[in-house]
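Since the structure comes first, as structure tokens, the remarks are kept for the end.
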Amino acid sequence: MSEELPQVSEGLSSPVTEQHVQCCVVGGGPAGMMLGYLLGRAGIKTLVLEKHADFFRDFRGDTVHPSTLEVMDELGLLDDFLKVPHDEVRQLEAQVGTTSIRMADLTRIETRCPFIAFMPQWDFLNFIDTQGRRYPALEVRKNAEATDLLFDGDRVSGVVARTPQGDLRITADLTVACDGRHSRMREQAGMTVENIGAPMDVLWFKAGKAERAGGSVFARIQAGQMMVMLDRGDYWQCAYVIAKNGYEAVKAKGLDAFRGNIVRLAPILRESVGDVRSWDDVKLLSVRIDRLTQWARNGFLCIGDAAHAMSPVGGVGVNLAVQDAVAAANLLHDKFGASGPSLDDLNSVQARRSFPVKVTQAVQVMVQNRLIDRAISEQDFSPPLMMRIIGRSPWLQRLIARGVGIGVRPEHVHSPERAPASSVSD
């Protein structure tokens with residue numbers, strides 16, 4: 001079998017080392033780390049490549065929903081997971097002007113953990129990384145950036161990764177792209193992306209938090225503005241919603257005007273808004289919703305954001321990524337024979353997960369177009385009728401809580417634990 005590297009024409013840095021695994025996972029986010037954990041647990045020789053030295057990133061979702069907590073429970077990890085510092089929210093409220101409207105009540109859904117756990121994603125990923133060390137079939141390699149796909153004819157046969165020690169040539173029976181919404185691997189594989197659209201962007205910044213300040217208000221809407229606040233213990237992580245491509249217009253009004261808008265939206269930030277000292281403290285996150293028309297080709301699969309970028313609406317991105325990983329492990333763990341899973345095997349992952357993704361994205365688009373777009377453009381915005389009805393209906397609050405917290409067609413762990421487990425050391 002000959003392998004060609006059609007896209008590495010500039011030559012590899014020296015030295016080049018080689019490694020063969022059954023599955024190479026590109027990207028150490030929620031999808032990649034969970035898939036690596038599940039396949040390593042099932043005895044599949046798996047290598048996860050993470051291009052950074054650690055998982056510490058500001059721009060990652062923090063919401064761990066009941067669906068993910070159920071997965072942790074099924075893996076026997078829940079008790080230890082809940083020892084990781086986190087905050088728990090059981091009701092979600094939107095504050096429109098001075099009116100608070102309860103939108104979801106997670107205590108009304110049947111699940112062991114009827115709450116959303118707010119946990120920095122780096123803590124979530126570190127937990128999975130630590131727990132995965134008990135399985136000798138799993139290796140998580142940091143400071144290893146996948147730069148190019150390897151091909152054997154029309155089949156993806158692995159990747160080339162750049163490491164501090166030199167380039168690493170990894171051949172694999174299956175390569176899984178979990179490298180996010182700007183996936184380099186899916187681009188090199190020639191996958192087609194369908195853009196669904198998003199009428200908004202987000203300005204991301206931190207502000208200090210007074211002790212014990214908190215609550216169930218997750219969204220604040222007032223006079224053509226909207227902001228979401230995530231409680232990270234000793235500070236607020238804030239997402240200020242703006243119109244698509246509207247950042248320069250916000251900057252043109254000046255930093256003082258921006259800080260004044262923040263205080264009007266959230267008076268609780270009056271004492272700490274000064275933490276936004278310059279525009280360097282404000283990061284632009286471009287919101288997008290898209291999905292691949294096909295998630296797989298021979299030897300290659302995309303899951304998580306690499307297969308479907310989600311809007312921040314509902315905070316479901318992390319949890320859909322975990323669900324993808326669970327489904328992929330369920331469907332593929334026993335398909336690693338002489339040549340790895342077939343294309344039909346890989347297509348079964350998309351067949352399983354496509355419906356939940358499409359339904360969730362459709363709901364996100366509806367919320368964006370009917371609520372968020374209006375909220376950030378109408379100075380006299382008032383809660384729509386449906387929003388007011390939800391605020392008065394515990395049954396609808398339960399329905400929304402189930403949709404957000406559990407999701408469409410939730411996945412359960414069916415992949416086995418085949419490898420001997422050793423104790424985990426911190």
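In what follows, residues are counted from 1 in the order of the sequence shown.
Between the side chain of Asp129 and the main chain of Leu125, no donor-acceptor pair closer than 3.5 Å is present. Arg402 contributes no side-chain N or O that, together with a main-chain N or O of Gly407, makes up a donor-acceptor pair within less than 3.5 Å.
By the 4.5 Å heavy-atom criterion applied to side chains, Arg181 and Arg288 are counted as neighbours. The shortest side-chain heavy-atom distance between Lys51 and Arg184 does not fall under the 4.5 Å cut-off.
Classified by interplanar angle (parallel below 30°, tilted 30° to 60°, perpendicular above 60°), the ring pair Trp295/His308 is tilted.
Not counting sequence neighbours, the partners of Thr107 by the side-chain hydrogen bond (donor to acceptor under 3.5 Å, both in side chains) test are Asp105. In terms of the salt bridge (charged side-chain N to carboxylate O under 4.0 Å, His left out) criterion, Lys358 has no residue partners (sequence neighbours excluded). The salt bridge (charged side-chain N to carboxylate O under 4.0 Å, His left out) check on Arg370 picks up nothing, with sequence neighbours excluded. Here Pro416 pairs with Ala42, His333, Arg418 under the side-chain contact (heavy atoms from CB on, under 4.5 Å) rule; sequence neighbours left out. Taking Phe300 as the reference, nothing meets the ring-ring contact (aromatic ring centres under 6.0 Å, His included) condition, with sequence neighbours excluded. Annotation: side-chain hydrogen bond (donor to acceptor under 3.5 Å, both in side chains) contacts of Ser348 (sequence neighbours excluded): none.
Rounded to the nearest 0.5 Å, atoms CD (Gln350) and CD1 (Ile303) are 12.5 Å apart. Between the NE2 atom in His414 and the CG atom in Leu38 there is a gap of 12.0 Å [rounded to 0.5 Å]. Between atom CG of residue Asp275 and atom CZ of residue Arg259 there is a gap of 10.0 Å, rounded to the nearest 0.5 Å. How far CD of Gln131 is from CG of Asn126: 11.5 Å, rounded to the nearest 0.5 Å. With rounding to the nearest 0.5 Å, the separation of OG1 in Thr171 from CD in Gln22 is 11.5 Å.
Considering Arg353, Arg409, Arg352, Arg291 in turn, Arg353 is the only one that fulfils the salt bridge (Lys or Arg N to Asp or Glu O under 4.0 Å) rule with Asp324.
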Inset, instruction - Could you give me the CA-CA distance, side-chain angles and deciding distance for Arg41 and Val413, then say whether side-chain contact (heavy atoms from CB on, under 4.5 Å) is met? - result: CA-CA 11 Å; Arg41 175 177 176 268; Val413 177; 3.9 Å; yes
Inset, instruction - Please assess Leu35 against Val176 for the test side-chain contact (heavy atoms from CB on, under 4.5 Å), listing each intermediate value before the final yes or no. - result: CA-CA 9 Å; Leu35 180 62; Val176 183; 3.7 Å; yes
Inset, instruction - Please step through salt bridge (charged side-chain N to carboxylate O under 4.0 Å, His left out) for the pair Glu145 and Arg162, ending with a clear verdict. - result: CA-CA 5 Å; Glu145 180 179 6; Arg162 183 182 299 122; 3.6 Å; yes
Inset, instruction - Could you go through the side-chain contact (heavy atoms from CB on, under 4.5 Å) check for Thr99 and Ile101 one step at a time? - result: CA-CA 7 Å; Thr99 304; Ile101 301 175; 4.1 Å; yes
Inset, instruction - Start with the C-alpha gap between Glu88 and His86, add the side-chain angles, then the distance that decides, and say whether side-chain hydrogen bond (donor to acceptor under 3.5 Å, both in side chains) holds. - result: CA-CA 7 Å; Glu88 298 175 3; His86 66 281; 2.8 Å; yes
Inset, instruction - Dump the intermediate steps for side-chain contact (heavy atoms from CB on, under 4.5 Å) on Arg186 and Leu292, then the final yes or no. - result: CA-CA 9 Å; Arg186 78 177 184 188; Leu292 297 183; 3.9 Å; yes
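Note that Lys251 lies in the cation-pi zone of Tyr247, set by a 6.0 Å cut-off to the ring centre and a 45° limit from the axis. Remark: Lys209 is not positioned above the aromatic ring of Tyr235, lacking an NZ or CZ atom under 6.0 angstrom from the ring centre and at most 45 degrees off the axis.
Across Leu174 and Leu346, no two heavy atoms sit closer than the pair CD1-CD2, 3.7 Å. Of all non-hydrogen atoms in Gly28 and Glu50, the two that sit nearest each other are N-OE1, 2.9 Å. For Cys238 against Met229, the heavy-atom pair with the smallest separation is SG-CG, 4.1 Å. Taking all atoms of both residues into account, the shortest heavy-atom contact from Met310 to Val316 is CE-CG2, 4.5 Å. Closest approach of Arg398 and Arg108 over heavy atoms only: NE-O, 3.0 Å. Across all non-hydrogen atoms, the minimal contact from Lys45 to Val21 is O-CB, 3.7 Å.
Ring pair Phe258/Phe205: centre-to-centre distance below 6.0 Å.
At a threshold of 4.0 Å, the pair Asp79-Lys83 does not count as salt-bridged, since none of the basic side-chain nitrogens sits closer than that to a carboxylate oxygen.
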